[in-house]
> 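Can you keep this structure in mind? I'll have questions shortly.
In what follows, every heavy atom counts, from backbone to side chain, and hydrogens, waters and symmetry copies are set aside. Note on naming: letters A, B, ... go to the chains in the order of the sequence lines (proteins, then strands), and numbering restarts at 1 for each one.
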Protein chains: 2
Amino acid sequence: MESIRIVIADDHSLIRQGIKSIICQDQGMEVVGEAADGLELLQLLQGREADMVIMDITMPGMNGIEAMGRIRELYPDMLLLILTMHSNRQYFYHSIAAGAHGYLMKEDSDTELLNAIRTVCEGKTYVSPQLSQEVTDEMIAAFRDRQRVPLVRLTEREKQVLQMVVKGYTSKKMAEILCLSPRTIDHHRASLLKKFGMKSTVDLVKHVLRNSIVVPE
Amino acid sequence: MESIRIVIADDHSLIRQGIKSIICQDQGMEVVGEAADGLELLQLLQGREADMVIMDITMPGMNGIEAMGRIRELYPDMLLLILTMHSNRQYFYHSIAAGAHGYLMKEDSDTELLNAIRTVCEGKTYVSPQLSQEVTDEMIAAFRDRQRVPLVRLTEREKQVLQMVVKGYTSKKMAEILCLSPRTIDHHRASLLKKFGMKSTVDLVKHVLRNSIVVPE
DNA sequence: AAAACAATTGGGGGAATTACCTATTTTTGA
DNA sequence: TCAAAAATAGGTAATTCCCCCAATTGTTTT
């Protein structure tokens, strides 16, 4: 059982020291390098063999998100753990999209850091409980918002047409399917726009999809 | 400062006893009634004054989700805390949709119960950390699935135009904003349709939204 | 029974989008 | 440095979308 070789990237040397001292307490892991920004980190990785990078998002020069992208290309097996003070969910989403395996907050406890490292090493994803809570809260808020959308009463034809509009059909195609004049379809489409208070088909489709008024497929 | 009056609904008397004993340890809250199913709970609420209901989802007769719906109608200010052994996310989503203010797991610690009660009383939403983690993991999985969508490389202009197409702008409006000829906008729109293999704007918008290629708003 | 209303069916016209061309200038990558 | 790609823009035709309006049918209200 070899120990986990970790590289730390953070523009504050104090933070790097802190992380190092916590990691050193555990026999199963060691710090094999330090960098102050993304570019330095990439240079460091060329020389050293490492299993995991613990990095901040906001760094001068090349930021963490960009550096992660490069690392994913050059070393696909590298484990990436974000350790940041940003509870901003956008940062989190971007990190996940960029391929992060874990997202930890600097406010989290020391044991959480060791937890996160071990979890990520097992191939699982680690998310700071704090942020996890926020993501859930955001989901709940979106869920409740949906319940509040004013109810619009649609006729049978309008429902049929709306379904097909969302599928991307043209009025002509719908007219063929329903054996009607394209003009009739146009009328129903106009009604739909008016009833939902939308000014274009794009807005209509976005609205009904976001509010689950029609189910895609 | 009056104490929080709580009614417990669970079909297992043992669970009810457990909840009661935990709540009794806190001076700020008291149990003012117990019920073994949804119907019993509704009858109970007619007589007693209460601030909060702590209830399970699966109960004989009327289940928790249904009971919650009725309670929301009859007593809109009643606080609803779900305490269940189900980590199933569907139960969670249904509970939130039915108007639950908190969702706690029976596996959570005693102090979590007291935490949850206090959090809900403050008007906030409480979600069991365990479940919160699951919801986040599910979101990450969905996020990563989306990343698997074949990568389409867009130019800067195309990104700008796509952003505005999703906003529902017409080519003319986009041309004004970007100080370009509408023809140029049309060209970029055609490129976008071709690159993504879509045949209409509606399909394009659906595709990029579903796959988070652009972020709405 | 007459009036009012909603749903469905259409037409005409103008604006917007798409398709299929061409062409110049600038930027970028190998 | 040389070729490819991107950004710019024009032309034309076909299609599609969005707005005005009107006729028909059935239901509900007065």
> Do the charged groups of Glu66(A) and Arg70(A) touch, with an N to O distance under 4.0 Å?
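Salt bridge between Glu66(A) and Arg70(A), a charged N being under 4.0 Å from a carboxylate O: yes.
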> Within the pair Ser200(A) and dC17(D), is there a side-chain N or O less than 4.0 Å away from OP1 or OP2?
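Answer is no, no contact under 4.0 Å.
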> Quick check: do Met29(A) and Ile117(A) have side-chain heavy atoms less than 4.5 Å from each other?
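Sidechains of Ile117(A) and Met29(A): in contact.
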> Is it true that Asp10(A) and Arg16(A) have a side-chain N and a carboxylate O under 4.0 angstrom from each other?
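Looking at Asp10(A) and Arg16(A), the cut-off is not met.
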> Can you give me the N/O atom pairs linking the protein to nucleotides 10-14 of chain D at distances under 3.5 Å, or say none if there are none?
from	atom 1	to	atom 2	distance (Å)
dG10(D)	OP2	Ser181(B)	OG	2.8
dG11(D)	N7	Arg183(B)	NH1	2.8

> Could you give all pairs that pass the salt bridge (Lys or Arg N to Asp or Glu O under 4.0 Å) test and reach residues 179-198 of chain A, with sequence neighbours left out?
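Non-adjacent pairs meeting salt bridge (Lys or Arg N to Asp or Glu O under 4.0 Å): Glu158(A)-Lys195(A).
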> Which nucleotide span of DNA chain C, 5' end to 3' end, has atoms closer than 4.0 Å to non-hydrogen atoms of chain B?
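In short, chain B contacts DNA chain C from dA16(C) to dT18(C).
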> Tell me the interatomic distance from Leu204(A), atom CG, to dC19(D), atom C1', rounded to whole angstroms.
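In whole Å, dC19(D) C1' lies 16 Å from Leu204(A) CG.
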> Could you pull out all residues at least two apart from Lys159(A) that satisfy salt bridge (Lys or Arg N to Asp or Glu O under 4.0 Å)?
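Lys159(A) satisfies salt bridge (Lys or Arg N to Asp or Glu O under 4.0 Å) with Glu156(A) once adjacent residues are dropped.
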> End-to-end bend of the helix from dA3(C)-dT28(D) to dA30(C)-dT1(D) (five-pair axes, 10° rounding)?
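About 50° separates the two local helix axes.
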> Base, sugar-phosphate, or nothing: which does Glu158(A) touch, judged by heavy atoms less than 4.0 Å apart?
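Touches nothing.
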> What residues in residues 186-196 of chain A put a non-hydrogen atom under 4.0 Å from any atom of DNA chain C?
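Those residues whose heavy atoms fall under 4.0 Å from DNA chain C, taken from residues 186-196 of chain A in numerical order, are His187(A), His188(A).
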> Inspect the contact between Asp26(A) and Arg118(A) and indicate whether a charged nitrogen and a carboxylate oxygen are less than 4.0 angstrom apart.
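Counted as a salt bridge, because a side-chain N and a carboxylate O are separated by less than 4.0 Å.
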> Taking only the side-chain heavy atoms of Ser171(A) (C-beta and beyond), determine which of dC17(D), dT16(D), dT8(D) contains the nearest atom.
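Nearest to the side chain of Ser171(A) among the choices is dC17(D).
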